Participant: 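Sending over a structure as structure tokens; questions will come in a sec.
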Amino acid sequence: MTTVKYTEEHEWIRIENGVGTVGITDYAQEQLGDVVFVEVPEVGRTIAKGEAVAVVESVKAASDIYTPVSGEVVAANSALADAPGDVNLEPTGKGWFFMVRLADPSELDGLMDQAKYDAFVKSLA
Amino acid sequence: MADPASDSLKRTPLHALHVALGAKLVPFAGYDMPVQFPMGILNEHLHTRRAAGLFDVSHMGQIRLTAKPGKNAAAAVERLVPGDIAGLQPGQMRYTQLTNAAGGILDDLMVTSTGDHLLLVVNAACKDADLAHIRQHLSDDVEIEPMFARGLLALQGPDAADVLGRQAPQVRAMTFMTGSFVMIDGVECYVTRSGYTGCDGYEISTPAEAAERIARLLLADDRVKPIGLGARDSLRLEAGLCLYGHDIDTATTPVEAGLVWSIGKERRAKGGFPGDEIIIRQIASGAPRRRVGLRPEGRTIAREGTEIIDAAGAVVGKVTSGGFGPSLNGPLAMGYVDRAQAASGTKLALRVRGKPVTAEIVPMPFVKHTYWRG
């Protein structure tokens with residue numbers, strides 16, 4: 001079963017078989033503008049929930065990406081080095097940042113589901 | 001929903017047009033200004049370099065100076081700037097700076113002679129202070145007329161000459177850094193062949209009430225797209241042009257900033273402007289630090305405020321403007337470094353998020369200027 005959760009910092013995490021894929025939401029990429037550089041974490045690195053583990057640079061500003069959960073980085077999207085614009089084009093698809101093997105699945109409980117996130121974004125308008 | 005903070009912001013004559021075109025508006029120098037249009041900063045930048053972009057720069061300050069009877073306006077202005085203003089022929093335009101007693105820069109500006117008047121274009125954030133400064137020092141010699149309500153449009157890019165030439169054929173023959181009164185759609189405008197992108201192009205000063213009509217007329221040409229402040233910044237950065245308040249300010253001299261080319265030959269010999277002693281001394285014996293261009297390796301972007309460090313890890317300067325250059329397809333920066341480190345080819349490092357990124361000092365502009373000099 002696939003679960004997708006969201007953070008207030010506009011990251012999404014899609015969990016399949018204990019591994020979460022992390023990226024930024026469509027709202028986030030829209031706010032950032034054209035993405036020109038992405039720094040992803042190294043595979044094998046152990047990361048803690050809330051830690052700044054990636055950086056996304058748009059034409060306007062640099063933004064930290066915080067991991068929504070703790071665990072070990074098992075994959076990073078190296079294709080973004082040559083195609084950072086994928087974050088704008090497909091933020092929840094080809095524009096993913098990294099995959100993390102969850103250390104503590106209960107950390108997901110504090111995150112928002114789709115309906116809550118949609119309401120959250122609406123409240124920002 | 002209306003942002004309550006935006007209520008206090010001033011609007012240019014093109015504000016309604018920006019909204020109609022779907023601009024993302026941000027506060028800038030007290031104005032509600034478009035940072036980008038739906039096309040996005042990257043494509044707006046590339047479009048300007050490839051075709052033509054239309055910028056609203058009406059927030060900048062236009063000031064008209066007219067000599068009082070028996071007085072000389074150019075000679076008066078020269079008391080405030082190091083540029084050669086007395087030597088301006090009618091229709092000629094020059095870039096210069098308002099300096100202070102320490103040789104620092106109060107603002108940078110364009111001065112154009114129409115023959116009867118001098119037209120100044122100063123930065124939006126400085127215009128009230130500049131006006132007060134000019135009034136304080138030049139009121140005995142010149143009539144000072146702020147024209148802050150007028151429109152100012154910049155049409156920039158390789159297609160600019162043909163686009164504007166279809167409305168006013170005489171602009172085709174104008175050369176870089178000249179100005180002329182031109183009728184556009186039945187309205188008298190003042191057009192200069194100048195800009196802030198490194199491209200060929202024009203700045204068009206219009207009566208306030210005609211600004212939107214002329215903007216729409218230019219936008220009706222398929223080659224022209226509206227461009228926001230975001231791309232204006234990346235274009236000027238690639239062109240190696242200074243942004244006031246960032247790359248130059250009251251703590252930098254024109255010599256440190258690499259603007260000696262804008263100081264008249266005679267002015268260097270005779271002085272007669274604020275800070276002349278220190279500026280002339282720096283021209284002769286060098287400034288302690290210099291503005292340089294930097295190309296970081298890889299794609300990491302070093303933004304304003306980034307420390308510049310040498311091989312030993314010592315801080316030798318700071319980035320004053322930095323970003324991504326869409327035409328370069330990579331990061332670029334400008335900043336100040338100690339004179340000993342300022343030679344082109346010098347390898348330094350930029351400390352980005354705690355990590356050093358190698359960067360090389362390179363000559364500016366980063367992207368070749370394509371001004372039309374006839």
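Hydrogens, waters and symmetry mates play no part in the numbers below; they use all other heavy atoms, side chains included. All of these numbers come straight from a predicted model, not from anything done at the bench.
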Participant: With a 4.5 angstrom heavy-atom cut-off, could you sort out which part of A/E30 is near chain B: side chain, backbone, both or neither?
Facilitator: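 Both parts, heavy atoms under 4.5 Å.
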Participant: Looking at OG1 of A/T3 and CD1 of A/I15, how far apart are the two atoms once the value is rounded to the nearest 0.5 Å?
Facilitator: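 CD1 of A/I15 is found 5.5 Å from OG1 of A/T3.
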Participant: Can you tell which of A/V22, A/T46, A/V74 makes a side-chain contact (heavy atoms from CB on, under 4.5 Å) with A/V100?
Facilitator: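 One option only clears the test, and that one is A/V22.
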Participant: To the nearest 0.5 Å, what is the distance between CG on B/L294 and CZ on B/F366?
Facilitator: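 Those atoms lie 6.5 Å apart.
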Participant: Who pairs with B/D233 by salt bridge (charged side-chain N to carboxylate O under 4.0 Å, His left out), at least two apart in sequence or on another chain?
Facilitator: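 If we apply the salt bridge (charged side-chain N to carboxylate O under 4.0 Å, His left out) test to B/D233, skipping adjacent residues, the hits are B/R236.
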Participant: Check each atom of A/A81 against the heavy atoms of chain B and say whether the ones under 4.5 Å are side chain, backbone, both or neither.
Facilitator: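 Backbone only.
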Participant: Using heavy-atom distances under 4.5 Å, tell me whether B/R299 contacts chain A through its side chain, its backbone, both, or neither.
Facilitator: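 For B/R299, the contact with chain A is made by backbone and side chain together.
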Participant: Apply salt bridge (charged side-chain N to carboxylate O under 4.0 Å, His left out) to residues A/E51 and A/R45 and explain how you reach the verdict.
Facilitator: CA-CA 12 Å; A/E51 191 183 339; A/R45 179 174 158 191; 3.0 Å; yes
Participant: Between chain A and each of B/V35, B/I41, B/N329, count heavy-atom pairs under 4.5 Å; write down the option with the most.
Facilitator: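 Of the candidates given, the most pairs with chain A belong to B/I41.
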Participant: Quick check for you: among A/A61, A/A62, A/G85, which has the greatest number of heavy-atom pairs under 4.5 Å with chain B?
Facilitator: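 Maximum pair count with chain B is reached by A/A61.
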Participant: Under 4.5 Å heavy-atom distance to chain B, tell me which part of A/V55 shows up: side chain, backbone, both or neither.
Facilitator: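 Looking at A/V55, just its side chain touches chain B.
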